[in-house]
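Below is one structure, written out as structure tokens; the observations come after it.
Computed from heavy atoms alone, side chains included, the values below leave out hydrogens, waters and symmetry copies. Every chain is numbered from 1, with letters handed out A, B, ... down the list of sequences.
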Amino acid sequence: MSDTIISVENISKQYRLGMVGSGTLREDLVGWWYKVRGKEDPYLKIGETNTRDTKGNSDYVWALKDVNFEVKQGEVLGIIGKNGAGKSTLLKLLSRVTAPSIGTIKAKGRIASLLEVGTGFHPELTGKENIYLNGSIMGMKRAEITSKMDEIIDFAGVERYIDTPVKRYSSGMYVRLAFAVAAHLEPEILIVDEVLSVGDAEFQKKAIGKMEDVSSGQGRTVLFVSHNMKAVSAMCSRTLLMQDGTIAFNGNTDEAIDRYLGISEENWDLLHYIGKPEIDSHSGIHLAEVNILNKSIIKTTQEILIEVILKFSESHDMFHLNLFVLTADGINLFQASTETIATTPNSGKKILFRIPSNLLNSNQYKTVFNFVLNKSKTIHGCGDNLRFAVVEDLDNHDLLWYGKTPGLLSVKIPTEIISI
Amino acid sequence: MQIEKENWSLVIEPNEKWWNLRLKEIWSYRELVLIFVRRDIVAVYKQTILGPLWFFLAPIFTVVAYTFVFGSIAGMSTDGIPGPVFYLSGTTLWGYFSTCFTATSNTFTDNAAIFGKVYFPRMIAPIATVVSTLFKFGVQLLMFFSLLAYYMLFTDANIEITKWAWLFPLLVVMMGGLALGVGIILSALTTKYRDLKNFIGFGVTLLMYVSPVIYPVSAVPDSYKWFIKFNPISPIIEAFRLGFTGVGTVDAIDLVYSGAFISIVLLIGIILFHRVERTFMDTV
């Protein structure tokens, strides 16, 4: 017996878009007629790759297409990709919520998901009754649950409330109880889907701790799906990069992450934006170019260089340029102003803004410019000139916190510790 | 070179053979059935003021209405036994069927949230419904027996308990099996063809009128009798009445026919249900 614990062979999953229900009876009959004659269902031949943002011609899409991979016993496999790349569909197939259209999945042992915390919890039942209910739904035997009952209650820290209906629980108690059951499930294969995005820091720590425990301590296999590159990079020995329903890359985690961020860069390909000339006809100030001088993906620990090229057709004694940096959803973070500039007709100026390192948190940003003439007359209208993304620096692992650093800014604040 | 034989404990494939019904797997989840049953019963009665009293009120009002409308106004036969006993015997068993049927036919829509998150044999849900409805049925049965006792002890009504009463457990199993079978067939079809849902509500009502709930088979004109007897519910209700009130038109062959009919419906139901359960999340 080899140590392969999951084998995914040629898996494809087709979905029908739009109106489900109209005309399907006819298509079912056609499909059935082909099957009766021993032919392939014609509807499985059509379909397009699943690119979310372009409109297709077919009503059928392939959420997954020819996916092949294997997972070894004890491995922690990361699965990353944009929204709609097929990660969730793959997990649905693995957890048997739905069946594949083509292909085979083979596995050894029980597959459980940490996202299924609290599945089937009933508000009227007590904590204890819900532990039995939830545990049984996830495939535990009654005796197994009984033997772990004390451990589960202890782990959740809800002894006092265990005979109270869970509708009286605070949301934190509810999540903790639900997670405690999942944590004691002891599956051979554990699926962790974006568990870091729910719950508070304590919950996150427990979830991560459980994952590490399961993989390194007990030699079980973990599939870890996340948008959190920091956590993926810290935990996974190997990573699958999904793109449009196929596996774009399967191998070394760092390389997978680099490629993934590369994909994201295409979406923010305005890195070297040469703005359409914006000329203010009254002042004769011409915003000719806006560039980002950073050559690769910007990390939180790097300085960001924004270059602005201005051309003038009139002379001004006194004016200055303001740069506003906004988050992609429009929160104005700060204004940076140049010193006073004097101009002559038919001349130009190149202005460089240096946004310091360790200031912007990982996020997507846009910039807005305006001019102020003679310290009084503001000229607006230089809108959405430039967009850029900043990503977390994965080389600086802070192993206690796998989540995104909270807050709009990512500032290094000097601290002093004084003994008293 | 030797090819290693792998011991896969789980193989997921797009199409399974229709005869592979995984009944063994359902059996291995039997504890879950009991837990679902417990959940259904506890959840319904906690925090309702009248609790199981509702189980009494509904049949009482129904029987009063039936006695008035069908007995006093329409003057329909009750096979010579007091109206209330007759109607209650019919509605108790019928009520079990219609509750089970309506609930199981909504299996997929009612459980979409839980089915969408975790796998267990989907048949567990309708089976648990049929079992937990027995509780309500039991309460109503208690009321029927009280009424029966009252008429037997304090009136001179012509009621007798016959040896057909021994068949009672079998009759309940048959009623439950039929409700389960028809219910899962409809639940399997409604996931894709939603319009069938509209049929369920009036379908149950129509079915009641072609079953001997408010009239005895003996009162049906001979030319229509074959039609009523074709209905597999008829022998069950008639046998129940014959057992506990001493009147009813049924023989062993009727019951065997009914049993065979129910077995076939159940088998078709399980096959259809099993086909749908694997991919219903895509269409629901």
Side-chain angles (χ1 to χ4, degrees), chain A residues 1-2 4 6-8 11-16 20-21 24-25 28 35 44 92-113 115-116 118-120 122-126 129-130 132-143 145 165 167 188-189, chain B residues 3-16 25 28-48 111-122 124-125 128 189-196 274-284:
Chain A
M1 226 172 84
S2 73
T4 303
I6 304 175
S7 166
V8 172
I11 283 294
S12 298
K13 178 69 186 174
Q14 188 183 52
Y15 280 110
R16 190 168 192 275
V20 170
T24 54
L25 183 58
D28 283 354
K35 232 190 256 170
L44 286 181
K92 271 188 193 163
L93 297 181
L94 283 170
S95 54
R96 291 207 277 169
V97 165
T98 183
S101 310
I102 302 173
T104 313
I105 297 172
K106 295 172 187 160
K108 292 170 194 158
R110 192 156 63 176
I111 302 179
S113 162
L115 197 72
E116 286 146 16
T119 304
H122 197 289
E124 295 287 354
L125 300 182
T126 68
E129 289 166 333
N130 267 311
Y132 278 112
L133 177 61
N134 186 233
S136 307
I137 287 175
M138 301 212 290
M140 285 165 101
K141 296 271 173 241
R142 199 179 165 81
I145 302 171
K167 64 177 176 184
E188 282 71 31
I189 300 158
Chain B
I3 296 167
E4 273 182 295
K5 182 111 177 104
E6 299 270 0
N7 299 318
W8 302 109
S9 65
L10 170 70
V11 176
I12 305 170
E13 285 181 315
N15 299 303
E16 286 197 324
E25 194 184 33
S28 74
Y29 273 84
R30 60 193 177 279
E31 285 178 347
L32 187 56
V33 173
L34 296 179
I35 287 169
F36 274 157
V37 168
R38 201 183 132 70
R39 174 198 66 183
D40 289 349
I41 293 172
V42 173
V44 171
Y45 303 103
K46 275 195 180 172
Q47 292 227 343
T48 53
N111 294 291
I114 185 166
F115 283 1
K117 276 191 175 168
V118 64
Y119 175 82
F120 55 87
R122 287 9 183 162
I124 298 295
L189 296 176
T190 45
T191 56
K192 249 187 156 177
Y193 314 113
R194 280 288 168 90
D195 33 359
L196 282 175
H274 186 63
R275 285 191 71 86
V276 169
E277 70 172 359
R278 310 187 70 239
T279 54
F280 99 97
M281 277 315 294
D282 307 342
T283 47
V284 79

*asked:* For chain B, which candidate among Leu93(A), Asn130(A), Ile137(A) shows the most heavy-atom pairs at distances under 4.5 Å?
replied: Ile137(A)
*Taking NZ, NE, NH1 and NH2 as the nitrogens, is one of them in Lys108(A) or Glu188(A) under 4.0 Å from a carboxylate oxygen of the other?*
no
*Do the charged groups of Arg30(B) and Glu25(B) touch, with an N to O distance under 4.0 Å?*
no
*Give the member of Gly135(A), Gly109(A), Pro123(A), Ser136(A) that has the highest number of heavy-atom pairs under 4.5 Å with chain B.*
Ser136(A)
*Walk me through it: do Thr104(A) and Ile12(B) pass the test side chain to side chain contact (heavy atoms under 4.5 Å, CB included)?*
CA-CA 6 Å; Thr104(A) 313; Ile12(B) 305 170; over 6 Å; no
*Where on Lys13(A) is there a heavy atom nearer than 4.5 Å to chain B: the side chain, the backbone, both, or neither?*
side chain
*Identify the heavy atoms of Ile35(B) and Tyr132(A) that sit nearest to each other, and give their distance.*
CD1-O, 3.8 Å
*asked:* Restricting to non-hydrogen atoms, name the atom on Asp40(B) and the atom on Ala128(B) that form the minimum distance, rounded to 0.1 Å.
replied: OD2-O, 4.4 Å
_Proximity breakdown for Ile11(A) and chain B, heavy-atom pairs closer than 4.5 Å_ = neither
*Name the member of Leu32(B), Leu34(B), Leu10(B) that forms the most heavy-atom pairs with chain A at distances under 4.5 Å.*
Leu10(B)
*Under a 4.5 Å heavy-atom cutoff, which of Pro100(A), Ser7(A), Ala107(A), Ser12(A) has the most pairs with chain B?*
Ala107(A)
*Does NZ or CZ of Arg38(B) lie under 6.0 Å from the centre of the six-membered ring of Phe36(B), at an angle within 45° of the ring axis?*
no
*Counting only heavy atoms closer than 4.5 Å, note whether Phe115(B) contacts chain A via side chain, backbone, both or neither.*
backbone
*So which of Met140(A), Lys141(A), Lys92(A) has the biggest tally of heavy-atom pairs under 4.5 Å with chain B?*
Lys141(A)
